[in-house]
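Beneath this line is the structure, given in structure tokens, with notes to follow.
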Amino acid sequence: MGPGPISADPRVLRAMSAALVGQYDPAMTGYMNEVMELYRGVFKTQNEQTLLIDGTSRAGIEAALVSLVEPGQKVLVPIFGRFGYLLKEIAGRIGADVVVREKEWGQVFTPAEIESAIREEKPHLLALVQGDTSTTMNQPLEEIGALCAAHGVLFYTDATASLGGNDFRADEWGIDAATAGLQKCLGGPSGSAPITLSDQAVDVIRSRRHVEEGIDDGSTGQGVRIASNYFDLSQILDYWGPARLNHHTEATSMLYGARECARLLLAEGMDNAVARHALHGRAMAEGLKGLGLTLFGDTAHKMNNVVAVHIPDGINGDAARAAMLNDYGIEIGTSFGPLHGKVWRIGTMGYNARKDAVMLTLAALEQVLRTGGVTVPASGGVQAALEVYGA
Ligand SMILES: *Cc1c(COP(=O)(O)O)cnc(C)c1O
């Protein structure tokens, strides 16, 4: 019950144990096309170029940034938690001229703040995390795409922590590039990074295409050649497209897992999945309050799938986490940076966004707190959660 990775859905693990085929097997090219269509549903997009990057979530981030940003181009990163610093670091490594704006942890940016930063900096690309698990905050994105379009700025977002558990609309919100990972609300293991790219993003990428071998139409782009082979989206698009460029050996088991994650989510319905995360996230948050604990941050902008809660006085946070794990087999999260030692982060995401998981976690935590000498209100956390469930 941490902030990710989470327990994978058993159906996803089962799908991953299917027999392997290589990427040129007709069955596999069929699966690849199917995965593209499934993830269009997950991202709520018509983008043709919607596919998987093999690697953990940051493989998707690196592929997007190294392919969309040339050295020297300006990237604006509004930072409200640890993963904003990751975007800054990756953009810096690829030679971008990186400028940032920072928010106190536990808060999000207003659209007006982002617009004024865009006006001041005139970046080539805005890189913005949607849900940052380090603070549990969910940055509203609805208005950002229109601001970027009005100023001729490409808009990239890291939706790893939020996709599937919080509203996300790539097309409606004008997002040019978004990436994710399986190990949060998508309910799978880490190791595959879904990505979607707008036509405008694809134009930028194709302008940087410099393929010297393989199935090549001979075209060489005008833009600066992408400084990574593995993350060269101009080649990866052709690998996933009809050209079937021989780029890398498909991570077949991961593709099976990613396909099952999306299939299950779409069978449930994306809006239903978001509502499920909202319900169990609310039950967890109310349950923690019922234990007499205080939630961290601007809870009006909290992600549905994770909550940060202040560690009560007199309790050693790591010892309590160890007791949760050793006595009850339940993992809850520690925290980073300015929040280290101050808050626990408890997830209700993917396969763990379930009533029984919420109730067991609250009951176990109550026992750990009592053993640690904390006075817990008589009504307790389980009762507070039950009220959310309408019992
Ligand atoms: C969890 C998380 C990641 C994880 O990246 P990995 O490469 O899969 O470890 C990236 N971005 C955000 C916003 C996250 O919450």
Side-chain angles (χ1 to χ4, degrees), residues 1-8 12 42-43 52-66 77-91 93 100 102-103 105-106 108-109 126-141 144 155-168 170 175 177-196 228 230-231 251 254 257-258 261 277 281 296-297 301-308 331-337 339 343 345-353:
M1 303 299 282
I6 49 83
S7 328
V12 173
V42 172
F43 282 113
L52 303 175
I53 305 296
D54 290 340
T56 67
S57 322
R58 75 192 59 208
I61 303 173
E62 291 223 39
L65 293 181
V66 77
V77 189
I79 299 175
F80 60 99
R82 175 176 188 252
F83 288 102
Y85 290 102
L86 178 65
L87 299 186
K88 174 189 175 206
E89 189 214 304
I90 292 174
R93 279 179 191 247
V100 303
E102 290 175 79
K103 268 279 158 182
W105 284 33
V108 295
F109 290 89
L126 175 77
L128 182 59
V129 173
Q130 185 188 26
D132 201 310
T133 37
S134 66
T135 70
T136 75
M137 292 299 112
N138 193 26
Q139 169 66 48
L141 300 182
I144 309 300
F155 177 22
Y156 161 73
T157 190
D158 174 4
T160 302
S162 42
L163 186 67
N166 304 268
D167 200 16
F168 187 91
I175 293 167
T179 61
L182 304 187
Q183 76 268 32
K184 307 275 170 75
C185 303
L186 302 188
S190 66
S192 181
I195 184 171
T196 189
S228 167
Y230 195 68
F231 295 133
M254 286 314 308
C261 288
H277 283 87
F296 165 79
H301 289 107
K302 190 182 84 55
M303 275 188 279
N304 289 326
N305 49 303
V306 59
V307 61
E331 181 196 353
I332 62 170
T334 182
S335 44
F336 308 106
L339 297 180
V343 305
R345 293 175 305 146
I346 305 181
T348 42
M349 58 180 92
Y351 185 63
N352 292 345

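Model, not experiment: these values are computed from the prediction. Both ligands and their constituent atoms are indexed starting at 1 by order of listing. Index from 1, following the sequence.
- The backbone N or O of Asp54 sits less than 3.5 Å from a side-chain atom of Tyr230, completing a donor-acceptor pair.
- Glu62 contributes atom CD, which lies 4.5 Å from atom CD1 of Ile90 (distance to the nearest 0.5 angstrom).
- Other residues, nucleotides and ligands contribute only 12 or fewer heavy atoms inside 6.0 Å of the NZ atom of Lys88.
- Taking a cut-off of under 4.0 Å to the non-hydrogen atoms of Ala161, the atoms of ligand 1 that pass are 15 (O).
- Contact between Ala159 and ligand 1 is absent, with no heavy atom of the residue lying under 4.0 Å from the ligand.
- Scanning the protein heavy atoms around atom 9 (O) of ligand 1, the nearest turns out to be Arg58 NH2, 3.6 Å.
- Across all their heavy atoms, Thr133 and Ala161 have their closest contact at CG2-CB, 3.5 Å.
- Residue-ligand proximity: Gln183 is placed with a non-hydrogen atom under 4.0 Å from ligand 1.
- Closest to atom 3 (C) of ligand 1, if we only count protein heavy atoms, is Phe83 CE2, 3.5 Å.
- Residue Gly164 comes nearest to Cys185 through the heavy atom pair C-CB, 3.8 Å, listed as atom of the first residue, atom of the second, then distance.
- With hydrogens left out, the protein atom closest to atom 5 (O) of ligand 1 is Ser57 CB, 3.3 Å, a heavy atom.
- For atom 14 (C) of ligand 1, the nearest non-hydrogen atom of the protein is Lys184 NZ, 3.1 Å.
- Heavy-atom minimum distance, Lys103 versus Phe80: CB-CB, 3.9 Å.
- Taking every heavy atom of both residues into account, Leu186 and Gly181 meet most closely at CD1-O, 3.4 Å.
- Where the criterion is an N or O separation shorter than 3.5 Å, residue side chain and backbone included, Asp132 fails it with respect to ligand 1.
- Proximity to Thr56 (heavy-atom distance under 4.0 Å) selects the following atoms of ligand 1: 6 (P), 7 (O), 8 (O).
- Looking from atom 11 (N) of ligand 1 to the surrounding protein, the closest heavy atom is Asp158 OD2, 2.7 Å.
- Of the candidates Ile144, Asp158, Val77, Leu128 forms a side-chain contact (heavy atoms from CB on, under 4.5 Å) with just one, namely Ile144.
- Each of the following atoms of ligand 1 lies closer than 4.0 Å to a heavy atom of Thr160: 2 (C), 3 (C), 10 (C), 11 (N), 12 (C), 14 (C).
- Atom numbering of ligand 1 starts at 1 in the shown order; those under 4.0 Å from a heavy atom of Gly131 are 13 (C).
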